[in-house]
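Computed from a prediction, not measured in an experiment: that's the story for all the values here.
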Amino acid sequence: MKVLIVTGKLANPLVQSISKKSKQNVEIHVVNNPIAAFLTPQKISKELQSNSEIDLGSIDLIIIPGLIRKDASFIKEKLGVSAVKGPTDAADLQIVLDMLDDIELSPKTSADRLIEEEQRKKALEFIENFEKNEENKSKLLKKQDNIMVGNLPVGKDFPMRVLAEIANAPFLTKGDLIKRTEYFIKSGADMVDIGMVAGEDLSHKIPEMVETLKNKFKNTPISIDTLNPVEIESAVESGVDMVLSLDHGNCDSVLPLIEEKQIPAVILPTNFQEAWVPETVDGRVKSLEELRKKCRKIDVIADPILDPINSSSIVDSLRACQDFHQKNPEPLFFGIGNVTELLDTDSVGVNSLLSGIAMELEASILFTPEESGKTLRSVYELAVSSKMMFLARNRGSVPKDLGINLVVFKDKRKLEKMEIELDVPIVKATGDQKFVQDRAGSFKIMVDDNQIKVVHYKKMEPTMVIVGQTAKKIYGELLKLNLISRLEHATYMGAELQKAEIALITNKNYTQDFELFKKPFEIEKEF
C-alpha cells in the first residue's frame with residue numbers, strides 16, 4: 001500500500017523519521033504552513049492538485065492530521081483517493097502505520113481514538129470470552145486454588161475479584177443501602193460486603209439487610225464483615241455468600257454453622273478477642289495454617305493482612321502473603337483499602353500498583369471501601385486494574401498498551417512541543433477587570449447528584465435552576481434564555497462551568513470561585 005502523509009513544517013522532521021521505519025510505502029507532502037492542523041480538506045485538496053511532483057494515481061491512501069476538524073471525505077470527492085485522519089499527535093503515527101493493515105481508519109475520527117477503541121474492544125472481548133467459557137470454568141474449579149463464592153468463580157486462575165465494602169452498613173436506610181450497592185456494582189464490583197460496626201452487636205439488623213440485597217441483586221455475591229460471632233451466625237442464617245472473617249477468637253463458636261451451610265470464609269492470623277496479632281512474617285503464616293486446619297471442611301480465603309505503609313510493615317505483610325501462598329493452595333485476600341485509606345495521595349496509582357503486586361502474589365480478592373475523598377472511585381480503579389493485570393498475565397507482558405488503562409490525570413505520551421515564531425506583538429495578560437453587575441442576573445453553580453446545577457438569581461431572588469452534565473450544554477442554555485448580557489460575565493461563567501464539569505468527571509469537590517487543583521509543588525513556598 002502506498003500512503004501519502006500530509007504534514008506541516010514543524011512536524012515534518014518527526015514524520016520523516018517515523019516513515020523511514022515503517023513497513024508501508026510512504027510518501028510525505030509538507031504543506032505550506034507551520035501547522036497542518038490549521039488547514040482544511042479543501043485547502044489540502046487544492047494544494048495536492050497543484051503539486052506536479054505527486055502522482056495521485058499511484059496513491060492508495062491519504063492520511064491527514066487528526067487535529068483537522070472537518071471531514072476528510074471532501075478530499076476523496078475532489079481527488080478520487082481515499083483520505084482518512086491520522087493521529088492527533090504526530091508521535092503516534094508509528095502505531096497507525098504499524099496497524100494500518102488491521103484497522104479501518106476514518107475520514108471523520110482521529111486515528112488514535114480508533115486504535116484505542118479497537119484495542120479496548122479486543123481486550124474486553126478476551127475477558128468476556130474467558131468468563132463465558134463454561135467448560136474451561138468447570139475445569140479450573142477442580143483445582144484447589146479456585147472456589148465458588150455464591151455463583152462467582154474465585155481463585156488464582158480467574159481475574160482478581162473486587163469486593164466493595166459498604167462501611168457502617170447498619171446505619172444506612174434501606175434506600176441508601178440499595179443506592180450504595182448499585183453504585184459499587186456500576187463501578188465494577190464483583191461482590192459487595194456488608195460492613196458492620198466494630199465493638200457493637202447489631203445482629204438484629206442483619207436479616208433485613210441481607211434479604212434486601214439478595215433479593216435486589218441476585219447475581220452479586222454478598223458477604224458480611226464482622227468478627228462478632230453473633231453477627232456472623234445471623235448473617236449465615238440469613239443467607240450471605242461469604243464470611244469476613246474467622247480468626248482464632250471466633251472460629252470455634254461459629255464454624256459448625258458455617259460448615260453446615262458450606263459458606264466460604266476469609267481467615268485471619270489473629271485473635272482479636274484477646275487483642276493478639278502475630279508480630280513476624282513466620283508467625284502470620286503459621287497462625288493462618290493452624291486456622292486453615294480447623295476450617296478444612298469449608299473453602300477458605302487466606303488474609304495475611306496487608307499493613308499500611310510505616311505501620312507494622314507493608315513489606316513484611318507482602319512477604320507473609322508470598323510465603324503463605326507458596327506453601328498453601330488457598331486463594332488469597334488482599335485488603336488494598338488498608339493502604340489507600342491511610343495514605344494521603346490520590347488512589348488511582350496506588351490501586352494500580354497494589355493490583356499489580358496482588359497479581360504477582362496470585363491474589364484472588366481485592367478488597368476496598370471508599371470512605372475518604374481521596375479514595376473515591378477506588379472500586380472502579382480496582383475493577384479496571386484487575387482486568388489490566390489479567391490481560392498482562394495472559395499475554396505475558398507488562399501492563400502497558402493493553403487496550404484499557406487507568407491514565408486519568410496525565411497522558412500516556414508526551415506531546416511533541418512545536419515552537420511557533422509569529423511576527424506579532426506579545427501582550428502579557430494582567431487579568432485586571434473591574435467588576436460590573438450583570439443586569440440579567442447572577443448565578444450560583446453547584447455539582448450535585450452527578451450533574452451540574454446552576455441557580456439563576458435576579459435581584460437576589462432565585463428564578464430558575466438549569467441542570468446538565470456538560471458546561472457546553474449549560475452555557476448554551478444560558479445564552480438561549482438571554483440570562484447573560486455582559487461579555488465578561490459570559491467568559492466568567494464559561495470558565496466556572498468548565499471547572500464544574502472537570503470536578504464532575506474527577507470526583508473533585510467544586511466550590512465556585514475556588515481552584516480545583518493545587519498548584520505544582522514549590523519547595524520554597526511549602527517549607
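Side-chain N/O atoms of Y475 and Q498 include no donor and acceptor closer than 3.5 Å. Side-chain atoms of S372 and E341 form a donor-acceptor pair, as typed in the model, at a separation below 3.5 Å. Under the 3.5 Å distance criterion, with hydrogens and angles disregarded, a donor-acceptor pair is assigned to the side chains of Y492 and D513. A donor-acceptor contact under 3.5 angstrom links the side chains of E381 and S347, judged on distance only. Under the 3.5 Å distance criterion, with hydrogens and angles disregarded, a donor-acceptor pair is assigned to the side chains of D193 and S223. Under 3.5 Å, the side chains of D71 and S73 contain a donor-acceptor pair of N or O atoms.
Contact check for T220 versus F184: no side-chain heavy atoms found under the 4.5 Å cut-off. At least one side-chain heavy atom of M464 sits under 4.5 Å from a side-chain heavy atom of L481. Side-chain contact between I452 and Y510 is absent, with no heavy atoms from C-beta onward closer than 4.5 Å. Side-chain contact between I68 and P41: present, with at least one pair of heavy atoms (C-beta onward) separated by less than 4.5 Å. Using a 4.5 Å heavy-atom threshold, the side chains of H29 and I44 count as separate. Taking 4.5 Å as the limit, every side-chain heavy atom of K508 sits out of range of all side-chain heavy atoms of V447. Taking 4.5 Å as the limit, every side-chain heavy atom of L177 sits out of range of all side-chain heavy atoms of F171. Side-chain atoms of S386 and S355, non-hydrogen and from C-beta on, never get closer than 4.5 Å to each other.
Under the 4.0 Å criterion applied to side-chain N and carboxylate O atoms, E496 and K499 are assigned as salt-bridge partners. Using a 4.0 Å cut-off between charged nitrogen and carboxylate oxygen, K374 and D344 count as a salt-bridge pair. Between R486 and E488 a salt bridge is recorded (basic side-chain N to carboxylate O distance below 4.0 Å).
Between the K121 side chain and the E116 main chain, no donor and acceptor come within less than 3.5 Å of each other. Distance alone, capped at 3.5 Å, places no donor-acceptor pair between the H489 side chain and the V436 backbone. The main-chain N or O of T470 is never found under 3.5 Å from a side-chain atom of E501 such that the two would form a donor-acceptor pair. Using modelled atom types, no side-chain atom of E231 and backbone atom of I206 make a donor-acceptor pair closer than 3.5 Å. The backbone N or O of E211 lies less than 3.5 Å from a partner atom in the side chain of N215, making a donor-acceptor pair. Put simply, the side chain of R120 never gets that close to the backbone of N405: no donor and acceptor are under 3.5 Å apart. For K444 (side chain) and V455 (main-chain N/O), no donor-acceptor pair under 3.5 Å exists by modelled atom type. In this structure, the side chain of T375 does not engage the main chain of S378 through any donor-acceptor pair within 3.5 Å. Counting only distance, with no hydrogens or angles, the side chain of D346 and the backbone of V348 share no donor-acceptor pair below 3.5 Å. At distances below 3.5 Å, not a single donor-acceptor pair connects side-chain atoms of K387 with backbone N or O atoms of L382.
Closest non-hydrogen pair, L306 versus I336, comes out as CD2-CA, 4.1 Å. Contact between Y457 and P462 at its shortest, heavy atoms only, is CD2-N, 3.5 Å. Nearest heavy-atom pair, G337 versus T368, reported as atom, atom and distance to 0.1 Å: CA-OG1, 3.8 Å. Summarising the geometry of I445 relative to M493, their closest heavy-atom pair is CD1-CE, 3.8 Å, with the distance given to 0.1 Å.
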Derivation of the side-chain contact (heavy atoms from CB on, under 4.5 Å) call for K453 and I466: CA-CA 6 Å; K453 292 183 179 179; I466 300 97; over 6 Å; no
Begin from the C-alpha positions of I365 and M191 and carry the test side-chain contact (heavy atoms from CB on, under 4.5 Å) through to its verdict. CA-CA 9 Å; I365 294 177; M191 303 180 279; 3.7 Å; yes
For I301 and L332: C-alpha separation, side-chain torsions, deciding distance, then whether side-chain contact (heavy atoms from CB on, under 4.5 Å) applies. CA-CA 5 Å; I301 303 98; L332 271 182; 5.7 Å; no
Evaluate the salt bridge (Lys or Arg N to Asp or Glu O under 4.0 Å) criterion for residues K480 and E477: first the C-alpha distance (whole Å), next the side-chain angles of each, then the deciding distance (0.1 Å), finally the verdict. CA-CA 5 Å; K480 185 172 72 176; E477 194 69 25; 3.3 Å; yes
How far apart are the C-alpha atoms of D438 and I484, what are their side-chain angles, what is the distance that settles it, and do they pass the side-chain contact (heavy atoms from CB on, under 4.5 Å) test? CA-CA 7 Å; D438 191 338; I484 299 177; 3.8 Å; yes
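Between F333 and F367, the two ring planes are tilted [angle within 30° to 60°]. Ring-plane geometry between F409 and F517 is classed as perpendicular, the angle between the planes exceeding 60 degrees on a 0 to 90 degree scale with a lower cut at 30.
Atom NZ of K214 has more than 12 heavy atoms from other residues, nucleotides or ligands within 6.0 Å.
Between F390 and F158, the ring centre distance reaches or exceeds 6.0 Å.
Of the candidates T181, I166, I224, D225, I194 forms a side-chain contact (heavy atoms from CB on, under 4.5 Å) with just one, namely I224.
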